[in-house]
Amino acid sequence: MENIADSDLMDALSKISDIADRNSTIRFLKDVASRYALNTVAYFGVSVTGQNETDPYLAVTYPPEWVAHYKNRQYVDVDPVVRLGFRRMLPLDWDEFGKPTGRLKTFLVKPANSVSGAAD
């Protein structure tokens, strides 16, 4: 008997060829998040055709306010997922990063849905 998880994965992967723009990418990511009961999904692409090095391709299911907050605070400099993501292909689990300190702690404890524009 076919494993349901494998079936879901194959179904999700079969939709990749239908992705034509950022909006369809985000719809795809939301579908993946829903299928696997994930709070958020992010795709960060470097060396993507049509994107320059200072503006990499980013598609996320985070609220736009969180993305703006992330960029304004330059959290890319402390985001462990970005650092580790350049060295591996597998999904990351936040529990892998242990107890955060300093700016990393501020970044990790401010949930994406609580961004109000107030300073940290």
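Since we're looking at a predicted model, the values are computed, not measured.
Between Glu65 and His69, the closest side-chain pair of non-hydrogen atoms is not below 4.5 Å.
The salt bridge (Lys or Arg N to Asp or Glu O under 4.0 Å) check on Arg27 picks up nothing, with sequence neighbours excluded. In this structure Val60 satisfies the side-chain contact (heavy atoms from CB on, under 4.5 Å) test together with Ala42, Leu58, Tyr62, Val67, sequence neighbours excluded. Under the rule for a side-chain contact (heavy atoms from CB on, under 4.5 Å), the partners of Asp21 that lie at least two apart in sequence or sit in another chain are Asn23, Ser24. Every residue two or more places apart in sequence or in another chain that forms a side-chain contact (heavy atoms from CB on, under 4.5 Å) with Val41 is listed here: Leu29, Ala33, Leu38, Thr61.
Taking hydrophobic clusters as Ile, Leu, Val, Met, Phe, Trp and Tyr residues chained together by side-chain heavy-atom distances below 4.5 Å, Ile26 does not share a cluster with Phe28. With hydrophobic clusters built from ILVMFWY side chains whose heavy atoms lie under 4.5 angstrom apart, Val78 shares a cluster with Trp66.
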Show me the donor-acceptor pairs within less than 3.5 Å that the side chains of residues 10-20 make with the rest of the protein, sequence neighbours left out.
residue : atom : partner : partner atom : Å
Asp11   : OD2  : Arg35   : NH1          : 3.1
Asp11   : OD2  : Arg35   : NH2          : 2.4
Ser14   : OG   : Asp11   : O            : 2.6

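Side chain of Asn72 to main chain of Ala68: a donor-acceptor pair is present (N/O by atom type, distance under 3.5 Å, no hydrogens or angles).
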